[in-house]
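Notes for the one structure printed next.
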There are 2 protein chains.
Amino acid sequence: MNNPVEEIREGLMEAMGRITSFWGFSRIMGQLYGLLYLSPNPLTLDEMSESLAISKGNVSINIRALERWSMVKAVWVKGDRKDYYEAETDFWKIVKGVLREREKKEFDLALDSVGKLLRKSVETQKTAKSAEAAFAIERLKKLEDFIQTMDKLVGVLMTLEDIKRNLFGLTKKK
Amino acid sequence: MNNPVEEIREGLMEAMGRITSFWGFSRIMGQLYGLLYLSPNPLTLDEMSESLAISKGNVSINIRALERWSMVKAVWVKGDRKDYYEAETDFWKIVKGVLREREKKEFDLALDSVGKLLRKSVETQKTAKSAEAAFAIERLKKLEDFIQTMDKLVGVLMTLEDIKRNLFGLTKKK
DNA sequence: TGATACGTTTAGAAAGTTCTAAACGTTAGA
DNA sequence: TCTAACGTTTAGAACTTTCTAAACGTATCA
């Protein structure tokens, strides 16, 4: 506890907890990730449970969530039947995964909903013209256009081979 | 209720509720926004309270949050002492505001935390060399670099005059 | 003035979420 | 086969968030 590296690890756990919480994951996911990220060796459920002072069940659930999002991976340690985990250190890979699995889906869903409403409005306008329906059509079109652009933006980010190089290359004039 | 435009409005309220909830705002903020976005006239607290079937106090709190984020604006209606609200329809403006007020701050904070931890690690390493500290330094540097890049990316998006035109201009070859 | 029509604040109810401890099922080795 | 060491699931406790109804303060108009 008075070990300076221990203090640093705790600092990162706190910071990562903040970050995951902000991005809509559980705080404990971040704390676990922070712990693993600064551990030279992979850790077991029990070790993590102890480090964070939370129940083993809680670690189990959160470590599986981290695994689901490819933020940590299980590694096999010869001669031990416990499961060991280590942090995925390729952040771009993690970001791309989250964009693909979560953000992209959300945009697609939004696009779908608004598209349906727009078609419904146009249908309504055909049978019974009204200023109200015309107004709705105009606004929904604008919204659809916006979501489409955001959707494309996410799509581009998702497929870039190296976000860093590519994105910052592009912001400079040739 | 059987009015088709009414149905469309309800559809958008639902969709916008989903969206704001996903992005870490309250669901009701989205529903209010959806309602206002498809209303040809600005609406009062009581009208919104009625449309969403929620208490006036709840509308009051959520409409002020929307105002804070520049998603709606209050308009003055001559001869009426009630407050009227209408939707801000410039989505790029809203996105930029949120990036500036919320996302940017979060990145800066993360950068700050990690920077501090990194400096502390280097300090530790000076007085008492250890493989553990060296490992921490290496990993923290990598993390700092990543956050810095994301931070810059947000900064670029934030200041672009027209995100749509600029970003998609850049993804095409010349 | 007083009465009324507002938006805001608040105390506590309701709903939702996250956590733990214990029960559980499975595997491995004696 | 029995026992012990695992990770997972679960029931309910603890905590957090969100909502309402009512009280409140202020401005308006008679």
Side-chain angles (χ1 to χ4, degrees), chain A residues 13-14 16-36 39 41-69 71-86 102, chain B residues 13-14 16-36 39 41-69 71-86 102:
Chain A
M13 288 187 223
E14 193 190 323
M16 292 301 306
R18 259 195 71 86
I19 294 172
T20 50
S21 176
F22 181 78
W23 290 100
F25 299 93
S26 97
R27 166 164 271 104
I28 288 191
M29 281 172 74
Q31 293 171 343
L32 285 172
Y33 185 86
L35 173 60
L36 292 173
S39 293
N41 323 84
L43 302 178
T44 64
L45 282 198
D46 284 317
E47 287 169 321
M48 294 186 267
S49 167
E50 186 177 4
S51 278
L52 295 202
I54 58 174
S55 75
K56 200 160 60 130
N58 202 358
V59 174
S60 173
I61 284 170
N62 280 283
I63 208 77
R64 291 200 322 114
L66 282 169
E67 225 181 347
R68 227 220 109 230
W69 290 103
M71 295 181 198
V72 307
K73 45 194 174 192
V75 295
W76 182 68
V77 170
K78 199 170 77 177
D80 198 327
R81 56 192 262 236
K82 285 180 189 151
D83 294 350
Y84 283 79
Y85 292 91
E86 66 181 22
R102 210 178 63 167
Chain B
M13 287 188 225
E14 193 190 327
M16 292 301 306
R18 257 196 73 87
I19 293 171
T20 50
S21 176
F22 181 77
W23 292 99
F25 300 94
S26 98
R27 164 164 272 106
I28 287 190
M29 281 172 72
Q31 293 171 343
L32 285 171
Y33 185 86
L35 173 60
L36 291 173
S39 293
N41 324 80
L43 302 178
T44 64
L45 282 197
D46 284 316
E47 287 168 321
M48 294 186 265
S49 165
E50 193 186 348
S51 278
L52 295 202
I54 57 175
S55 74
K56 199 160 60 131
N58 202 357
V59 174
S60 173
I61 284 171
N62 280 284
I63 209 75
R64 292 202 318 114
L66 282 169
E67 225 182 346
R68 225 223 110 232
W69 290 104
M71 296 182 197
V72 308
K73 45 196 173 189
V75 295
W76 183 68
V77 170
K78 196 168 82 176
D80 198 327
R81 48 194 265 239
K82 285 181 190 152
D83 295 349
Y84 282 78
Y85 292 90
E86 65 181 22
R102 211 178 63 163

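Within every chain, numbering begins at 1; the chains are lettered A, B, ... in the order of the sequence lines, protein sequences first and strands thereafter.
Looking at heavy atoms from C-beta onward, B/Ile63 lies in side-chain contact with B/Leu36 at the 4.5 angstrom threshold. A 4.5 Å side-chain heavy-atom check between A/Val59 and A/Leu52 finds every atom pair outside the cut-off. Residues A/Asp46 and A/Lys56 form a side-chain contact, since some pair of their non-hydrogen atoms from C-beta on lies under 4.5 Å apart.
For DNA chain D, the contact window with chain A, defined by any atom under 4.0 Å from a protein heavy atom, covers D/dA5 to D/dT9 in 5' to 3' order.
A straight line from CG of A/Asp80 to C1' of C/dA28 spans 12 Å, rounded to a whole angstrom. Going from atom CD1 of B/Ile28 over to atom P of C/dA15 covers 14 Å, rounded to whole Å. When rounded to the nearest whole Å, the span between CZ of B/Arg27 and C1' of C/dA15 equals 13 Å. Taking atom NZ of residue B/Lys82 and atom P of nucleotide C/dG7, one finds them 7 Å apart after rounding to whole Å. As a whole-Å value, the separation of B/Leu43 CG from C/dG7 P is 12 Å. Taking atom CE of A/Met29 as the reference point, atom P of C/dT18 lies 12 Å away to the nearest angstrom.
Put simply, the side chain of B/Thr20 gets close to the backbone of B/Met16: a donor and an acceptor are under 3.5 Å apart. A donor-acceptor contact shorter than 3.5 Å links the side chain of B/Ser39 to the backbone of B/Leu35. A donor-acceptor pair under 3.5 Å links the side-chain atoms of A/Ser49 to the main chain of A/Ile54, judged by distance alone.
If you find the closest nucleotide of DNA chain C to A/Asn58 and to A/Arg81, the one lying nearer the 5' end belongs to A/Asn58.
Looking at heavy-atom distances under 4.0 Å, A/Ala53 makes contact with sugar-phosphate atoms alone, never a base.
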